[in-house]
Engineer: 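To start, I am sharing the structure in question, which I have written as structure tokens.
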Amino acid sequence: MRIKNNIAGINTSRNQGIVHHKMGKSLEKLSSGYRIVRAGDDAAGLAISEGMRAQIAGLNQSIRNVDDGVGMVNTGEGALQEVHSMLHRLETLAIESANGTYNDEARATVEEEKDAILEEIDRICKNTNFNEIPLFETEIPQGVIIEPPQPSDEVRFQIGPSENETMDVTRYYMGTKALKLDQMKFGTSKDANEAIDTLAQAVQAVTVVRSTFGAAQNHLDCTHNNLSITAENMQAAESRIRDADIEKEFTEFTSQNIISQATISMQSQANAIPQSVLSLLADL
């Protein structure tokens, strides 16, 4: 027997410290929900997980970008839908004014309505914007002759987390000048007849632009679906690396808790061994 160093007590204390450390790590994982709380838990797994998190964040932002793009395209297409309706009304007025049964006063009334519609077309094209970004260019440089539909420039959407994942949507010159409606007259039967062809060309030009917006929307919808699926799968993969298996961790904690209670009991027994020396000394 030795009383100078209680080796059994030291050994029990060391094991108890190890058990308490493991219990603490299990509690960290159970309370946080993560298997990797710090780099020391799994350095390689942490590096992979952080890379995935960056990619997931990029995918989620790209989804929001696509949603903004859809909103922008829908705004432009909705405005042109109304322009189409007004062009059809102008066609009706042109055909009406071309009829030989109309006198000058009747045609003057038709002309007045025509001017009001053209003014509204210009107002819509000038003021249609998304987040203060004009969707149509209305100012044509002096002396420049364009054929509708004439592109002006492009708006670039970032639709993915990498540099090359972009999509360009064309903006067009739009308005009465761009559609060559500003010189149109309904004052005579001849003018009205000529206006019918002009309006047909304008309708076709607006149709082309609306088709461009429709194609862009379909593209963006498909991109949104693909990004959502990719982000979901990437999140699931990251979760398998980073998140804690609660059932496994709780089992581990329970096991360590039982061992901790046993070590506490053994600690008291180890401390009792040196005390047995006192019984020998008492007999002296």
Engineer: Is Arg35 paired with Glu249 through a side-chain N to carboxylate O contact shorter than 4.0 Å?
Structural biologist: no

Engineer: Name all residues meeting the ring-ring contact (aromatic ring centres under 6.0 Å, His included) criterion together with His21; count only those two or more places apart in sequence or in a different chain, and write none if there are none.
Structural biologist: none

Engineer: Looking at CE of Met23 and OG1 of Thr254, how far apart are the two atoms once the value is rounded to the nearest 0.5 Å?
Structural biologist: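 The OG1 atom of Thr254 is 9.0 Å from CE of Met23, to the nearest 0.5 Å.
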
Engineer: Do Phe186 and Glu111 come close enough that some side-chain heavy atom pair is under 4.5 Å?
Structural biologist: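 A side-chain contact under 4.5 Å exists here.
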
Engineer: Backbone N or O of Glu28 within a donor-acceptor pair of the Ser32 side chain at under 3.5 Å?
Structural biologist: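 Side chain of Ser32 to backbone of Glu28, a donor-acceptor pair under 3.5 Å: yes, one is there.
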
Engineer: If you measure from CG on Asp104 to OG1 on Thr109, what distance do you get to the nearest 0.5 Å?
Structural biologist: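 Reported to 0.5 Å precision, the distance equals 11.0 Å.
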
Engineer: Do we see a donor-acceptor contact under 3.5 Å between the side chains of Gln201 and Asp197?
Structural biologist: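 No, Asp197 and Gln201 have no side-chain donor paired with an acceptor closer than 3.5 Å.
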
Engineer: Are the side chains of Met174 and Thr128 in touch, meaning some heavy atoms are under 4.5 Å apart?
Structural biologist: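 When only atoms from C-beta onward are counted, Thr128 and Met174 do not touch, as no gap falls below 4.5 Å.
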
Engineer: I need the Ile229 CD1 to Leu59 CG distance, nearest 0.5 Å.
Structural biologist: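 Ile229 atom CD1 to Leu59 atom CG measures 12.0 Å (nearest 0.5 Å).
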
Engineer: If you define the side chain from C-beta out and look only at heavy atoms, does anything of Met86 sit under 4.5 Å from Ile124?
Structural biologist: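 With C-beta onward as the side chain, the pair touches.
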
Engineer: With a cutoff of under 4.5 Å between side-chain heavy atoms, which Ile, Leu, Val, Met, Phe, Trp and Tyr residues group with Ile145?
Structural biologist: none

Engineer: Is any side-chain heavy atom of Leu80 closer than 4.5 Å to one of Phe136?
Structural biologist: yes

Engineer: Between Val155 and Phe130, is there a side-chain heavy-atom distance shorter than 4.5 Å?
Structural biologist: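 No. Closest side-chain heavy atoms not under 4.5 Å.
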
Engineer: Do the charged groups of Lys22 and Glu252 touch, with an N to O distance under 4.0 Å?
Structural biologist: no

Engineer: Could you tell me how the ring of Phe253 sits relative to the ring of Phe250: parallel (under 30°), tilted (30 to 60°) or perpendicular (over 60°)?
Structural biologist: tilted

Engineer: Can Glu91 and His88 be counted as having a side-chain donor-acceptor contact under 3.5 angstrom?
Structural biologist: yes

Engineer: Ion pair present between Arg171 and Glu137, side-chain N to carboxylate O less than 4.0 angstrom?
Structural biologist: no

Engineer: With side chains defined as the heavy atoms from C-beta onward, is the minimum distance between Arg242 and Met52 less than 4.5 Å?
Structural biologist: no

